[in-house]
**Q** 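Next up is a structure, given as C-alpha cells.
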2 protein chains.
Amino acid sequence: MDDRDVRLLKAIAELETGSPERLHEATGIPISTIHYRLNNLREGGVIENDRYDVDLEELGLGVTVIVEVHADYQGSYERFADRLRSVEGVTNVYFTMGETDFIVIARLSGSDMVERLIAEFEELEGVDRTDSTFVISAVEERDALQSYSLETLLEELVDE
Amino acid sequence: MDDRDVRLLKAIAELETGSPERLHEATGIPISTIHYRLNNLREGGVIENDRYDVDLEELGLGVTVIVEVHADYQGSYERFADRLRSVEGVTNVYFTMGETDFIVIARLSGSDMVERLIAEFEELEGVDRTDSTFVISAVEERDALQSYSLETLLEELVDE
DNA sequence: CTTGAAAAGGCATTCGC
DNA sequence: GCGAATGCCTTTTCAAG
C-alpha cells in the first residue's frame with residue numbers, strides 16, 4: 001500500500017466508479033498502470049469484486065466505534081447531522097427517536113484515532129455529551145437487499 | 001417496480017456484479033432487456049451509478065431501526081452474530097464491549113415489519129432482552145474512504 | 001414492454017521500451 | 001512504470017414483435 005494505491009482508492013470512492021478512464025483523468029495515473037494496480041489490490045484482498053468494495057480490515061481501518069451523541073443544537077437536525085458526518089472517520093449518522101439524539105458509527109485506523117474522533121465531537125457546538133462503545137467484531141452487509149429472500153422482496157416491493 | 005425489477009436488483013446484490021451477462025445467466029432476462037431495465041431504474045433514482053448502489057428510500061426500505069440485543073448465548077459470539085445477521089432486514093451487526101452485547105441495524109419496509117423483526121429476535125435462543133430505537137433520518141456513506149481527506153489517508157495508510 | 005442483431009465504444013491484456 | 005496495439009466484452013441503437 002503506497003501513495004499511489006491510496007490515491008487510486010480515494011478516487012474510486014469519490015467518483016463512485018471503477019472506470020479506468022475516469023480514474024486516469026482524476027489521478028493522472030496511466031490507464032495500463034491503473035489496471036496493474038487494481039489487479040494487485042484485488043489479489044491482496046483489499047478490493048473485492050467488480051464493484052470495488054473495500055475490505056476495511058485489509059486497508060487498515062479495522063477499528064469500529066459506535067458513539068451516542070447527546071446534543072442541544074440550534075437549527076435543523078439535518079444540518080447538525082451533516083456536521084457530525086463531516087468528522088473524519090464517520091460513516092453512519094442516525095437521528096433517532098428516544099433519549100439519545102444521534103448514533104454515529106465510525107471507522108478508524110487505531111485507538112489513537114478514537115481519542116481524536118471523540119475530541120472532535122466534544123468540540124462541536126451543541127454537543128452535550130458523548131458515550132462511545134468499541135466494537136470487537138463488525139458484520140456489515142454492503143447491500144440491504146442481500147438480507148432478504150427473493151420471496152419477501154417480491155411481497156414487499158412489487159406494487160400494483 | 002415490478003417482479004422483474006426486483007429479481008434484477010436481487011441478482012445484483014447476490015452476485016455482487018452489474019455484469020449484464022452474469023445477470024442474464026442468473027435471471028434468464030435477455031441482455032438487452034437488462035440494459036433497458038437498468039436504465040429505467042437509474043432514471044427513477046433507484047440505482048445510482050456504475051456500482052449500482054441502491055437507494056433504499058426509493059426502493060421501499062426506508063425504515064431504519066437500531067436494536068440493542070442483550071444475550072446469554074452458548075458458543076462463540078461469531079456464531080451468535082451470524083444468527084442475528086440471518087434475520088431478514090438486518091444489515092449490520094456489531095459485537096461490542098460494554099453493557100449491551102450486540103447492536104444491530106436493520107432496514108425495513110414499514111412499521112409492521114419492525115414488529116416482525118423484534119419478534120424474530122426474541123425467539124432466538126440466548127436472547128434475553130431487546131431494546132429498539134427508531135431512526136428518523138439516516139445518513140450512510142457507502143464507502144468509509146469518502147469520509148477521509150486524501151491527506152489523512154496518506155498519513156494513516158501508507159506504510160514504508 | 002420486450003427482444004435479437006448490428007454497430008460503436010470502452011476495457012483488459014500483452015508487449016516492447 | 002509506461003504507451004500502443006490487440007481482442008474481448010459491454011453498451012447503445014434500431015426495427016420488429
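Worth knowing before you read on, the calculation uses all heavy atoms, side chains too, and leaves out hydrogens, waters and symmetry mates. In the text below, chain A, chain B and the rest are named by the order of the sequence lines, each starting its count at 1.
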**Q** Are Ile105(A) and Tyr94(B) side-chain neighbours, meaning at least one heavy-atom pair lies under 4.5 Å?
**A**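 A side-chain contact under 4.5 Å exists here.
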**Q** Which distance, rounded to the nearest 0.5 Å, do you find between the CD of Glu140(B) and the CG of Asn92(B)?
**A**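 Separation between the atoms: 7.0 Å.
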**Q** How close or far is atom P of dT11(D) from atom OH of Tyr36(B), stated in whole angstroms?
**A**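 After rounding, the reported distance stands at 18 Å.
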**Q** Rounded to whole Å, please give me the gap between CD in Glu21(B) and P in dG4(C).
**A**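 Those two atoms, CD and P, are 15 Å apart.
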**Q** With the threshold set at 4.0 Å, does a side-chain nitrogen-carboxylate oxygen contact exist between Asp3(B) and Arg7(B)?
**A**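 So Asp3(B) pairs with Arg7(B) through a salt bridge.
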**Q** Which nucleotide in the list dT11(D), dG3(D), dA12(C) gets nearest to the side chain of Pro20(A)?
**A**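 Of the options given, the side chain of Pro20(A) lies nearest dA12(C).
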**Q** Just the rounded figure in Å: distance from C1' of dG1(D) to CG of Asp3(A).
**A**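 Spelled out: CG on Asp3(A) to C1' on dG1(D) is 15 Å.
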**Q** What about Ser32(B), does its side chain sit under 3.5 Å from the base of dG4(C) through a donor-acceptor pair?
**A**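 Between dG4(C) and Ser32(B), which were checked side chain against base, a qualifying N/O pair under 3.5 Å is present.
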**Q** Respond yes when some side-chain nitrogen or oxygen of Ser19(A) is under 4.0 Å from OP1 or OP2 of dG10(C), and no when none is.
**A**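 For Ser19(A), the contact criterion (side-chain N or O under 4.0 Å from OP1 or OP2 of dG10(C)) is not met.
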**Q** Specify the separation, in whole Å, of atom CG of Asn40(B) and atom C1' of dT12(D).
**A**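 Rounding to the nearest Å, CG of Asn40(B) and C1' of dT12(D) are 14 Å apart.
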**Q** When all nucleic acid strands are considered with a 4.0 Å heavy-atom cut-off, which category describes Arg22(B): base, sugar-phosphate, or nothing?
**A**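 It contacts nothing in the nucleic acid.
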**Q** Would you call Glu141(A) and Arg107(B) a salt bridge, taking side-chain N to carboxylate O under 4.0 Å as the test?
**A**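 No, this pair does not count.
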**Q** Between dC11(C) atom P and Ile12(A) atom CD1, what is the distance in whole Å?
**A**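 Answer to the nearest Å: 13 Å.
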**Q** Without decimals, in angstroms, what is the distance between His24(A) NE2 and dG10(C) C1'?
**A**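 Whole-Å distance recorded here is 14 Å.
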**Q** Taking only side-chain N and O atoms of Arg4(B), does any of them lie within less than 4.0 angstrom of OP1 or OP2 on dC1(C)?
**A**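 Negative; the distance criterion is not met.
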**Q** Inspect the contact between Arg85(B) and Asp82(B) and indicate whether a charged nitrogen and a carboxylate oxygen are less than 4.0 angstrom apart.
**A**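 Yes, Asp82(B) and Arg85(B) are salt-bridged.
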**Q** Please report, rounded to the nearest Å, how far the C1' atom of dG10(C) is from the CD1 atom of Ile34(A).
**A**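 So the two atoms are 14 Å apart, to the nearest Å.
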**Q** From CD1 of Ile31(B) over to P of dA7(C), roughly how many Å is that when rounded to an integer?
**A**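 Spelled out: CD1 on Ile31(B) to P on dA7(C) is 18 Å.
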**Q** For Arg37(B) and for Asn39(A), locate the closest nucleotide of DNA chain C by heavy-atom distance; then report the residue assigned to the nucleotide nearer the 5' terminus.
**A**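 Mapping each residue to its closest nucleotide by heavy atoms, the 5'-most match is Arg37(B).
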